[in-house]
Each structure stands twice: as C-alpha cells, then as structure tokens.
Amino acid sequence: MSLSHRLPPGAPVVDPYYVYAPPPRPDPHRHGVLTLFVAGLPDDVKPREIHNLFSHRPGFDHCLLEYTGRGNQAVAFVTFFTHESALSAMNSLNGTIFDPGTGDRLHIELAKSTSRRPRGGGEVYRVIDKRANKPEGNADHENDGDEEQWGEDEDGGNNDSGDGGSDEPSGTENENSSDRNELPADQSDQLPHKQQNGQSPSNDGRDKSSSDIPPCSTLFIANLGHACTEDELKEVLSREPGFHVLKMRRRSGMPVAFADFMDIESSTAAMNNLQGTILASSDNDGLHIEYARSKMRKS
DNA sequence: AGCACA
C-alpha cells in the first residue's frame with residue numbers, strides 16, 4: 001500500500017507507475033517536463049500534421065518530428081510553455097485517431113525530458129529523417145540521418161504544400177459537439193481509403209471503422225487497469241457534459257464499465273475526448289471506449 | 001478483445 005519504495009539514484013521521488021493523472025489532479029511526477037512524447041503515428045505523417053494537431057493547443061511552443069529508420073511509425077516531441085499546458089494537450093489528444101483509414105490511435109505521454117528549443121524565436125519545428133527511402137510522391141530530399149529545419153510563420157494559415165491537410169478540429173478550448181473529429185461507424189466515407197493493389201480483403205460494402213457499433217448514449221469502457229476503481233473513473237467522466245451514471249463490473253479479471261449520457265451527442269463528445277486517456281490505474285494503454293451495444297436501463 | 005442492468 002505504501003508508495004514509498006526504493007528509487008534509483010537521482011530519480012524524482014515519485015511512484016514510477018503513477019506517471020499520468022486525470023485532468024483535475026496535478027501529478028507531482030515528471031514535474032517541470034514541458035515536452036510530450038507522441039507515438040502511434042503512421043510512417044507517412046507530415047511535419048505540418050503534427051504542427052496542425054498541437055499548435056492550436058494553448059501553450060504550444062514547438063514540435064519535433066522524427067522518422068525512425070526501423071518500424072513503420074514516426075514519433076514526435078511536442079513542447080509547451082508550461083507543464084500544465086502539456087498535460088492538458090496530452091489528456092485531450094491522447095487516443096486520437098490520426099488516420100481514419102487505419103484507426104490507429106495516438107499514444108501520448110510525457111517525455112523523459114524537455115526538448116531543447118531550437119535557437120531563434122518564433123515557432124519553429126524540426127524534423128529528423130532517418131529513413132533510407134521515402135514513400136513515393138514525397139521525395140523532396142533524400143537525406144538519411146539528417147536534420148532539417150523549417151521556419152514557421154505564426155500567422156497566415158496554409159503555407160505548406162497543399163496536400164492532405166488533416167487539421168485537428170477539437171475547437172480552441174470549447175466542447176466540440178458537432179466536430180468531425182473522427183469517422184464513426186458510418187457508411188459515408190469522407191476520406192478515401194488507401195486501398196492496396198491486388199486482392200482486396202472481403203469488401204462487403206461496409207468499411208470497418210473504429211467500431212461497428214451504432215451510436216448510443218451509453219458508452220462501453222474497456223482496457224481498464226485491474227486496480228481501477230469506480231470513483232477514479234467517475235471522477236474523469238464527471239468532467240464530461242451530459243454524463244449521468246457509471247456502472248462498473250468485472251468479468252474474468254479485467255473490469256469494464258458502462259457510462260450513460262444524456263444523449264448521443266454527449267456520449268460521442270465524451271468518447272472522443274476521453275479516448276485513450278491513461279488513468280493512474282492504467283496498466284498499459286489508455287481507455288478503450290466504444291458505444292455500448294445497448295443503452296443503460298433507466299433506473 | 002473484453003458489453004450489464006431489467
């Protein structure tokens with residue numbers, strides 16, 4: 001029960017497993033770190049996509065995108081002016097479905113240390129490209145293990161090569177109810193899927209999105225840590241507009257929960273906002289939230 | 001991946 005155990009020399013006096021905290025709780029751990037570590041990015045992510053995703057967040061300073069030579073995923077380091085700003089951005093963007101075609105979600109944590117700020121003022125982001133060959137159509141330069149820098153004018157809107165443009169909505173700091181944050185299980189496809197050549201898998205007319213469950217005002221919450229309590233989850237859910245009641249139950253070890261909301265818009269906004277949230281009790285990844293298959297009974 | 005309560 002005691003949180004005090006031996007710590008490596010020089011380490012901050014914290015419980016190493018209690019890295020993240022729900023928004024209301026300040027985490028005294030990793031104190032002072034201003035940089036977020038962002039994983040789960042596709043290999044063809046663009047620097048401006050990272051910039052567009054985070055630069056709208058309050059307190060944004062600069063970001064660094066690194067294409068790792070191995071693995072299909074790039075990582076990013078996003079730095080804020082304050083620790084609280086970094087935590088706020090992490091909590092609201094964690095679990096964001098970056099590419100609706102794949103459904104992969106972003107995994108955001110606090111970085112081990114604050115990134116060094118590029119010299120010079122203004123908003124500047126860096127790119128480190130360690131890939132041997134780049135995807136076709138994007139071969140501007142071929143430099144392995146090199147580092148490029150771009151100056152960024154802080155105003156003026158679209159200034160990059162006009163392609164893609166996955167701007168993250170999420171409002172400025174208001175609740176977004178009618179934002180097209182991600183594609184729910186809907187038949188209307190806004191973005192064209194990247195369909196590989198040759199044999200395509202079973203295409204029975206219904207694309208598999210993040211879930212095949214139709215919208216429901218009750219949410220199904222999984223991937224809870226074994227130590228997750230109802231109070232802990234309720235504290236996070238209580239911040240979401242329209243939240244009514246939470247019910248937790250354990251089946252074969254891992255707990256799951258059902259959260260009922262006033263309407264589908266509220267549940268959708270809460271799901272988008274809390275998707276991937278890492279609680280203090282989380283074991284590995286953050287919350288997995290879907291629409292429940294049936295609405296919670298009125299009690 | 002894991003969906004209950006009546």
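What you are looking at is a predicted structure, and each value in this text was computed from that prediction instead of being measured. So you know, we letter chains A, B, ... as the sequences are listed, proteins then strands, and number each from 1.
- Remark: Asn94(A) engages Met90(A), Ile108(A), Ile278(A) in a side-chain contact (heavy atoms from CB on, under 4.5 Å) (not counting sequence neighbours).
- Shown here for Met254(A) and His226(A), the closest heavy-atom pair between the two residues is CE-N, 4.1 Å.
- With respect to Asp285(A) and Arg105(A), no salt bridge is recorded, no charged nitrogen being found less than 4.0 Å from a carboxylate O.
- From the 5' end on, the contacts that DNA chain B makes with chain A at under 4.0 Å to a non-hydrogen atom open and close at dA1(B) to dA6(B).
- Between Phe220(A) and Tyr291(A), the distance separating the two ring centers is not shorter than 6.0 angstrom.
- Toward the 5′ end of DNA chain B lies the nearest nucleotide of His288(A), the other residue of the pair His288(A) and Lys247(A) mapping further downstream.
- Partners of Ser238(A) under the side-chain contact (heavy atoms from CB on, under 4.5 Å) rule, at least two apart in sequence or in another chain, are Lys234(A), Phe243(A).
- As judged by a 4.0 angstrom heavy-atom cut-off over every strand, Arg249(A) is placed among residues touching the sugar-phosphate backbone only.
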